[in-house]
Number of protein chains: 2
Amino acid sequence: MTRTAERPAGRASERALADLREAILSGDLAAGAHLGEVELAERLGLSRTPVREALTRLAAEGLVALEAHRGARVTSFTPEDLHGIFDVRLALEPRATARAAAHATADDLDALQDLADRMLAVGAPGPDQDLDALVGLNRDFHARLLDLARAPALAAALANVVHTPVVTRTFHAYDPASLARSLAHHAEIVAALRAGDGDWAGAVMRCHLGNARAVMVGSR
Amino acid sequence: MTRTAERPAGRASERALADLREAILSGDLAAGAHLGEVELAERLGLSRTPVREALTRLAAEGLVALEAHRGARVTSFTPEDLHGIFDVRLALEPRATARAAAHATADDLDALQDLADRMLAVGAPGPDQDLDALVGLNRDFHARLLDLARAPALAAALANVVHTPVVTRTFHAYDPASLARSLAHHAEIVAALRAGDGDWAGAVMRCHLGNARAVMVGSR
DNA sequence: CCACCCTAGATTGCGTACAACGTCGAGGAG
DNA sequence: CTCCTCGACGTTGTACGCAATCTAGGGTGG
């Protein structure tokens, strides 16, 4: 009916998926928000079918919870949940980081270095500090590192856990000292990889995650 | 209240999901098999819609791969993939097992003991040996153990990795010595949990998985 | 005053039809 | 003989409509 000939675009389903995921991760859709299929469909200018498919996939990723005949809700996480999520990250990411040492080429290292440098620049206290830009850079850094591990199963296991809103969104929670540590960790990881020392790199990643958990969940 | 204990039982979508998952895990649908939506729909007596939803969810679980306009295929795993999967299991399951020590009640331990005993009975060499029955018991044992860990995030991370056909299906690949070890491990895990020693239990799980990996992937 | 039932509304679940896209095979040209 | 091009088919992607089901609200009886 409504022929919104705005843009031919790619697959509408993937568009809906990406839009919804971004809306959730960015916080536009608050945790616990009531999501109706018709409402979302109208909002995105699509029919219910692709929206429904997107919701199904988001539910599989754990970003939303489907309640029968009651609508879908954005999943909310308790501090215990967050703690558990960091448990998984601590179990997997240091291992992946260690593996990355064996596969990283000079180009890879340069790219990582570049990301680490830019994060240091954007994250440094002062008028130019941009904590929001940090989010994307941080995601890129970790994603690239994970890719270098050449461990698809490990990456898949992590994927359904790291997507969680709070983990990827907040950099504002960091106090100056923790933020400085976090940014330094990135650089140190690159240094360890350059040295070809997987154990070192993995250890830094453990520190990195421990620091992050302390900031976001607090000591337990 | 109308007690419709009839055929249509339960949501058709979940039925399709369960049927397809079982068909894949049991091997009825061979790895790499060409799955068309219409073909599956006719086979299950449903329309394409629920089948499509089931395929989407299976793809999210990693059991099938959706190829655009070419149909879905049951994912197949290389030895390298399997090795990586066991890497993830080795990183997560021992940790979960250790955590289970803190939460297991007497009833839980009895149930685990029962499963371990039954596996010993069914797995013992002789005319009564039933390797197929082992599959279900083994899955129950690991699932129950994972549940006791009270670590939903960890369980979720594992879920998308353990579902893989080859990992859960084959017990025929075990040689007698390895099989005996594997069954003994289950009993030892229960013993360690009874002793309240999470470290011990986790160590046994590491052995258990190492043994399994050696059987299925071979030494590398 | 409380509990229960019953109706009305809304939402999801599923089926079917249409459209777009990609793939595969056959035929012709070089 | 090989490669390219073109057409038909098959498959997926999306829209829409109907039916079943659940939730919520008001009314009634105890």
Side-chain angles (χ1 to χ4, degrees), chain A residues 1-21 23-24 29-30 32-75, chain B residues 1-21 23-24 29-76:
Chain A
M1 184 163 43
T2 51
R3 178 89 179 131
T4 54
E6 294 177 356
R7 349 174 222 206
R11 297 281 158 286
S13 171
E14 297 184 7
R15 193 174 206 72
L17 179 65
D19 281 356
L20 283 177
R21 183 152 44 195
I24 295 174
L29 291 175
H34 224 224
L35 302 181
E37 293 181 0
V38 285
E39 177 193 344
L40 293 175
E42 290 177 1
R43 200 155 139 182
L44 297 174
L46 302 169
S47 86
R48 275 177 48 214
T49 309
V51 172
R52 185 180 178 78
E53 182 168 336
L55 283 177
T56 301
R57 295 177 66 175
L58 287 174
E61 290 181 16
L63 279 179
V64 304
L66 266 46
E67 302 175 8
H69 294 272
R70 217 183 308 181
R73 305 188 77 95
V74 180
T75 52
Chain B
M1 50 181 84
T2 55
R3 186 97 175 139
T4 58
E6 287 289 321
R7 265 298 167 73
R11 300 279 161 289
S13 170
E14 298 183 8
R15 194 179 205 69
L17 178 66
D19 282 356
L20 283 177
R21 183 152 45 194
I24 294 174
L29 291 175
H34 226 238
L35 302 181
E37 293 181 1
V38 285
E39 176 192 346
L40 292 175
E42 291 178 359
R43 200 154 140 182
L44 297 174
L46 302 169
S47 88
R48 274 178 50 213
T49 308
V51 171
R52 183 179 179 79
E53 182 169 338
L55 282 178
T56 301
R57 295 178 64 175
L58 287 174
E61 289 181 17
L63 279 179
V64 304
L66 266 46
E67 302 175 8
H69 295 275
R70 216 185 307 183
R73 307 187 76 94
V74 180
T75 50
S76 55

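Keep in mind that this is a model prediction, so the values were computed, not measured. Each chain gets a letter, A, B and so on, in the order the sequences are listed, and its residues count up from 1. The figures that follow rest on heavy atoms only: side chains count, while hydrogens, waters and symmetry mates do not.
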Salt bridge (Lys or Arg N to Asp or Glu O under 4.0 Å) against A/R21, all qualifying residues, sequence neighbours excluded: A/E61
B/R52: salt bridge (Lys or Arg N to Asp or Glu O under 4.0 Å) partners, not counting sequence neighbours: A/E53, B/E37
DNA chain D-proximal residues of residues 49-61 of chain B, any heavy atom under 4.0 Å: B/R52
[X] [atom1] to [N] [atom2]: how many Å, rounded?
X	N	atom1	atom2	answer
A/L17	D/dG13	CG	P	13 Å
B/E42	C/dG15	CD	P	13 Å
B/L44	C/dC14	CG	P	13 Å
B/R73	D/dT12	CZ	C1'	16 Å
A/L35	C/dA10	CG	P	19 Å
B/E37	C/dC14	CD	C1'	14 Å
B/E39	D/dG10	CD	C1'	13 Å
A/E67	C/dT12	CD	C1'	13 Å

Does any non-hydrogen side-chain atom of [Y] lie less than 4.5 Å from one of [X]?
X	Y	value
A/L20	A/L29	yes
A/T49	B/T49	no
B/L58	B/L17	yes

Could you write out each protein N or O paired with an N or O of nucleotides 17-24 of chain C at a distance under 3.5 Å?
none

Rounded distance [0.5 Å steps], CG in A/D19 versus CD in A/E14: 11.5 Å
Please report the closest heavy-atom contact between [X] and [Y], naming both atoms and the distance.
X	Y	value
A/A65	A/T75	N-CG2, 3.6 Å
B/S13	B/A54	O-CB, 4.3 Å
A/A72	A/L66	CB-CD1, 3.9 Å

Set of side-chain hydrogen bond (donor to acceptor under 3.5 Å, both in side chains) partners for B/R73, sequence neighbours left out: B/H34
B/S76 (side chain) donor-acceptor with B/A31 (main chain) under 3.5 angstrom: no
Secondary-structure string, 5' to 3', Watson-Crick or G-U under 3.5 Å, | for another-strand partners, for DNA chain C: ||||||||||||||||||||||||||||||
